[in-house]
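Below is one structure, written out as structure tokens, with a few remarks after it.
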Amino acid sequence: MLSLCKRRGFIYPAYEIYGGIAGLYDYGPLGTALKANIADLWRRIYALQEGFVEIDGDNVGPEAIFKASGHVDNFADLSVTCKQCGESYRADHLAKGLHPNPDSLSIEELQKVLRDNNVKCPCGGEFADVEEFNLMFKTKIGPGNGRTGYLRPETAQSIFVNYTNLYRHCREKLPFGCIQVGRGFRNEISPRQGVIRLREFNMMEAELFVDPEDKSWPRYNDVKDKVVKLVPNTDEKEVEMTIGQAVEDGIIGNQTLGYFIWVTYDFLTSAGIDPAKLRFRQHLRTEMAHYAADCWDAETLISFGWTEIVGIADRGCWDLSQHMKFSKADLTAFKRFDEPKDVERDAIKPKFGALGPRFKGAAGDIKKQLEAMDASAVHDDLVTVTVDGQPVDLDSTYYEVVRVKEKVNGVRVIPHVIEPSHGLDRILYSCLEHAYSEKEDGYITLKLKPAVAPIKVGVFPLMAKDGMEVVAQALDKALREEGVATYYDDSGSIGRRYARMDEAGTPWCVTIDYDTLEKGDVTIRDRDTSEQLRMSADDVVPWIKDQLKRKLSC
RNA sequence: GCAGGUGUAAUCUAGCGGUCAGGAUUUUAGCCUUCCAAGCUAAACACUCGGGUUCGAAUCCCGACACCUGCACCA
């Protein structure tokens, strides 16, 4: 498989002439086209069918956003490995009790603490040196001691930090969605398995911002009878059931998750993933990220076993809350009531006659604080406000409780995020494996779906003489003018040319023969059946275009 | 990162201390050829890298890098 990838120009190991680097691969000419076609198919579904907007964020970002997202802390552990049994331990955990505050120590200090106390592995073996396991690539932004920056480990954060802009762009209504195709970077400790675990990888992520109290989805009814293979975390057994049934039984958390499980199924199978080798596995409670309410992975069966290629997570309000906390920006949505409500409440009204003389300039701020409260904040006649960072208790000389009638038009909520996140490299590789077909005599055909195939049509004159090559070149040009990727070939025997196109995954080959010169018709050969269709040369362009058309499923 | 294995052209491989590193596939040019890797003629392309041992290293030794298999790691 990997030899075909290299031979035919799908995937090359990166920097090969310098010895190569593990976890980095380059896409060759066909691989690049295949990747672009898969991404394009994905956009057709998410942008055209679902109507989501798309952005393109930066790869490098300041430390603050990865502090907020949790990646700085979760991705950077100091650890040691036992030389004897190979077990790894968090170095700061081993230093507990030997130092008052082990997680504040640098690598060298921690090393010294462990050495001085002769800390050994439970198996009795010696530990190797303390190492930093930081899965993010660190860099400096700007010259000199510029700000610390990181290459993003996932693309999602670019969408979250743009939430306010996107919320306005999408006319301040929930639900809305934003997609992004881009790169993520993780300095994996030991990448293996070819393009399955990469240090630099391509992701296609969608972030859907939904009402926390209403996770229904407008077109849910269109998909609720669709059947998918699920592996729920309750008994970890494969079951086939409809989306509707799974949502009703509470196996899938909500309608939106269910809807996008189907959208994912539809996308993956359209891209060429074999439905028989595709399932959706629910994360175990222990496996789930701390913020996730529910999470389903699309897994395909490839030579490395069942492999996660898409994760569909209900991330709750975690991301936006974190960024609100760290950035102080307001990342909420305004939920307008159908009818404005008249609400009566006991409000706290400041008495400026007393506040002003005592607090001077701070009185304005206190007013704001008091207005944000209501009578329930009063305990024993006292209400607590913050002045210059210090809590101050105010008695009723400074305020009065009054009954007010207010018209409330809605409430502000932090939207919940549902995230279908796709590993583009893994999807591409799965498509290649599922398309790969080898006959007993070693004849290889890549049965890529026409939609994603790098080359759509091979154009051949039966022989490069008697004017056949002229007609073929004209047809080739006509196809390219319509945006169809072609490959013109007049070398060697016709069989060799077919074989070449079969290995490249080209779905159709058009051949110009002597009959074409007389009657104007050509043959179109189908890659998978090698059957030939005869049609007028003029019909080729519309026929191919019709074959490539994709209907929206919802 | 640890342990073991492997590294010869674009691909698959022969050679395992001693002529110019051999073959097959592929690719290119030409001839031939009326639809599925046909044939003929020519050509292009390799010992992963760096040290060492030796009169002489693709071959033996050491190190680096990459790949494979386990272990560990994998928001």
Side-chain angles (χ1 to χ4, degrees), chain A residues 2-9 12-25 28 66 69-77 79-90 125-136 152-154 156-157 184 186-194 196-199 283 287-292 295 304 308 311 313 315 318-319 421 439 441-445 458 460-466 468 491-503 509-517 522-527 529-532 534:
Chain A
L2 282 168
S3 102
L4 175 79
C5 283
K6 191 175 169 195
R7 189 154 40 91
R8 280 294 165 206
Y12 304 132
Y15 309 110
E16 209 177 8
I17 61 168
Y18 288 103
I21 301 269
L24 295 179
Y25 286 85
F66 300 114
S69 69
H71 288 110
V72 169
D73 295 329
N74 292 333
F75 270 56
D77 294 332
S79 74
V80 290
T81 306
C82 173
K83 286 179 181 171
Q84 194 169 305
C85 65
E87 198 72 31
S88 263
Y89 296 92
R90 287 271 298 263
E126 288 281 335
F127 280 123
D129 289 349
V130 176
E131 291 165 315
E132 188 173 33
F133 278 10
N134 191 338
L135 288 173
M136 280 196 294
R152 59 182 177 184
E154 60 175 16
Q157 299 307 325
R186 288 177 203 184
N187 206 354
E188 295 283 355
I189 296 160
S190 69
R192 289 266 181 89
Q193 305 172 318
I196 298 306
R197 269 179 77 198
L198 294 169
R199 290 195 164 120
H283 275 207
E287 178 184 13
M288 210 122 41
H290 50 286
Y291 48 78
C295 186
F304 304 111
E308 173 193 351
R315 298 171 68 121
W318 198 80
D319 300 281
S421 170
K439 288 205 199 108
D441 60 0
Y443 191 97
I444 294 168
T445 307
F460 313 145
L462 188 57
M463 280 170 295
K465 62 179 189 186
D466 300 332
M468 285 185 283
S491 79
S493 75
I494 190 86
R496 179 174 298 267
R497 287 177 258 160
Y498 285 144
R500 208 178 268 136
M501 286 295 100
D502 286 346
E503 266 196 1
C509 292
V510 178
T511 301
I512 279 72
D513 55 22
Y514 282 103
D515 283 355
T516 314
L517 301 178
V522 299
T523 59
I524 295 192
R525 168 195 181 261
D526 182 274
R527 175 194 62 203
T529 62
S530 59
E531 275 165 19
Q532 300 194 341
R534 215 155 170 104

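Naming: A, B, ... by sequence-line order, numbering from 1 per chain.
- Pairing of B:C71, defined by two Watson-Crick or G-U wobble distances under 3.5 Å, is identified with B:G1.
- Of the listed nucleotides (B:C68, B:U11, B:U27), B:C68 has the atom at the smallest distance from the side chain of A:R192.
- Cation-pi geometry between A:R525 and A:Y498 is met: the NZ or CZ atom falls under 6.0 Å from the ring centre, inside 45° of the normal.
- Using a cutoff of 4.0 Å between basic side-chain nitrogens and carboxylate oxygens, A:R315 and A:E154 are scored as salt-bridged.
- Rounded to a whole angstrom, the distance from the C1' atom of B:C2 to that of B:A44 is 44 Å.
- Rounded to the nearest 0.5 Å, atoms CD1 (A:I512) and OG1 (A:T523) are 7.5 Å apart.
- If you take atom P in B:A75 and the same atom in B:G5, they sit 31 Å apart, rounded to whole Å.
- If you check B:U33, B:U11, B:C68 against the side chain of A:M463, the one that comes closest is B:U33.
- Between A:D513 and A:S493, it is A:D513 whose nearest contact on RNA chain B lies nearer the 5' terminus.
- When the side-chain nitrogen and oxygen atoms of A:R496 are compared with OP1 and OP2 of B:A38, one or more of them lie within a distance under 4.0 Å.
- Contact check, A:R315 against B:A75: no side-chain N or O comes under 4.0 Å of OP1 or OP2.
- Looking at which nucleotide of RNA chain B each of A:Y18 and A:G194 is closest to, the 5′-most match is held by A:Y18.
- Rounding to whole angstrom units, OH of residue A:Y498 and P of B:U34 are separated by 15 Å.
- Across all strands shown, the partner of B:G7 is B:C65, judged by Watson-Crick or G-U wobble contacts whose two distances both fall under 3.5 Å.
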